Amino acid sequence: MSKVLLVEDDSLMVKMYNLKFEHDGFDVDIALDGEEALQKVKNKPDVIVLDIMLPKISGTEVLEKLKADSSTKDIPVIILTNLNVTEEDVAKTKDLGAKEILMKTEVTPQEVVDKIRKYSK
Amino acid sequence: MQKTSPEIVSTKQEEKIDSVKDEFISIVSHELRTPMSTIKGYLNMLLAGDAGSVSPQIRDVLTEMLLAIEREIRLVNGMLDISRLEAGRMPFTLKDDIDVVEQARLLIQSLIHSASEKKLSLILETPPDKLPKVQADNDKLIQVLINLVGNALKFTIKGSIKVSFYKKDEFVVTCVTDTGPGIPIDKQSHIFEKFSQASTKKTRISGGSGLGLYISKIIIEKLGGKIWLAESKIGAGAKFCFSLPQVNSPKAKEIANQVKSEEGP
């Protein structure tokens, strides 16, 4: 069973994505902020779903730290955000190492699951 | 030791104010979008059968709820765009190699399916001669095209939507012509205003936010162009046009300087 680490501080979003991911057969681990994310990545998830706006340290900083560490740099990261996503942002996150950047208001939970499946192969 | 001059101090203050504005807008985006994303997510899950099979009556109700929340999301997006544009906190990334015809072609390809669902033809009229490249922010150009073509698709019940182009002075003009209901003369001068009766009444019926043309106007004018209603008659459709400056034209250079000075180092 594929393991997903969901990094998201908002309880509404956490509950929804947790429900969907578990329903679709994933083993879900949750981190409510950036520091917790860096702790929980030690459980070796297959994919990380990462929000950008997080308390303590931002999603971008988390991504940078993940990519700087040889034990975590190859874990695929999918970014889920509420902020407007421009062409530049997509290029920047790809530069930083994320596989995808998705807008929460545009993408359906099924589409997120499809992306997780795509990158956890 | 030299004291900091008043000009440097006020630049720092300006930067501080800008960063407070950005933070405010980010927080508001986040707070407004989160509950809406959650509702939309659950509705999509229910419609996909994740909670079990759904009767046709329930499916209808869920679909209406989804339309309503999507409309709210569009409205919030529009209002956030306006906040950022009016506060001068929407960065413009100018590129000088933009082929408007090609951008329109890509957009039309992505909308062909929606058009054929409504039995409308969506046509790109390739200009006879190759048009010059323009200077613009590509994402914002696409936003304006989506607004105009999207509006045309929304309001037109039958017939066609055509995107055409021409060169005038040192500008490339893009026009979107539809065979929809048209715009009454007494409303025509108000359609580019935000929340005016003319812009909201009809769009509300078809699910829009009434903000798209206002946002498009701010964007095009900031890029050095103009946007206008070229023609419209009741029952005979509407033709909207916008212009963008050719690369290396005097207007393009003026805009490039303006954007550079606004964005700072």
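All chains are named by letter (A, B, ...) in the order of the sequence lines, taking the proteins before the strands, and each is independently numbered beginning at 1. Just so you know, these numbers come straight off a predicted model, no measurement behind them.
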J.: Examine the side chains of A:D114 and A:Q110 and answer whether a donor and an acceptor come within less than 3.5 Å of each other.
T.: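 There is such a pair (donor and acceptor under 3.5 Å, judged by atom type) between the side chains of A:D114 and A:Q110.
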J.: How about B:N147 and B:S216: does a side-chain donor come under 3.5 Å of a side-chain acceptor?
T.: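 Side-chain D/A pair, B:N147 to B:S216: present.
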J.: Among A:V49, A:L102, A:L80, A:V47, find the one that has a side-chain contact (heavy atoms from CB on, under 4.5 Å) with A:K115.
T.: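 Running side-chain contact (heavy atoms from CB on, under 4.5 Å) over A:V49, A:L102, A:L80, A:V47 with A:K115 returns exactly one hit, A:L102.
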J.: What residue in B:I27, B:D50, B:I73 has the most heavy-atom pairs under 4.5 Å with chain A?
T.: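 Highest number of heavy-atom pairs under 4.5 Å: B:D50.
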J.: Which residues in residues 81-94 of chain B have any heavy atom closer than 4.5 Å to a heavy atom of chain A?
T.: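 Hits under 4.5 Å: B:D81, B:R84, B:T93.
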J.: For the pair B:R105 and B:E102, find out whether any cationic side-chain nitrogen is under 4.0 Å from an anionic carboxylate oxygen.
T.: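 So B:R105 pairs with B:E102 through a salt bridge.
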J.: So for B:N44, is it side chain, backbone, both, or neither that comes closer than 4.5 Å to the heavy atoms of chain A?
T.: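 B:N44 touches chain A through side-chain heavy atoms alone.
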J.: Thinking salt bridges, do A:K65 and A:D69 make one under a 4.0 Å N-O criterion?
T.: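 Salt bridge between A:K65 and A:D69, a charged N being under 4.0 Å from a carboxylate O: no.
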J.: Hey, which of B:M45, B:E70, B:K40, B:Q143 has the most heavy atom pairs under 4.5 Å with chain A?
T.: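 Of the candidates given, the most pairs with chain A belong to B:M45.
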J.: Atom CG in A:D10, atom CG in A:L32: separation rounded to 0.5 Å?
T.: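 Output value for this atom pair is 10.0 Å.
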J.: If we ignore angles and hydrogens, is there a donor and acceptor under 3.5 Å between the side chains of B:N77 and A:T105?
T.: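 No, because no side-chain N or O of B:N77 sits under 3.5 Å from a partner of the opposite role on A:T105.
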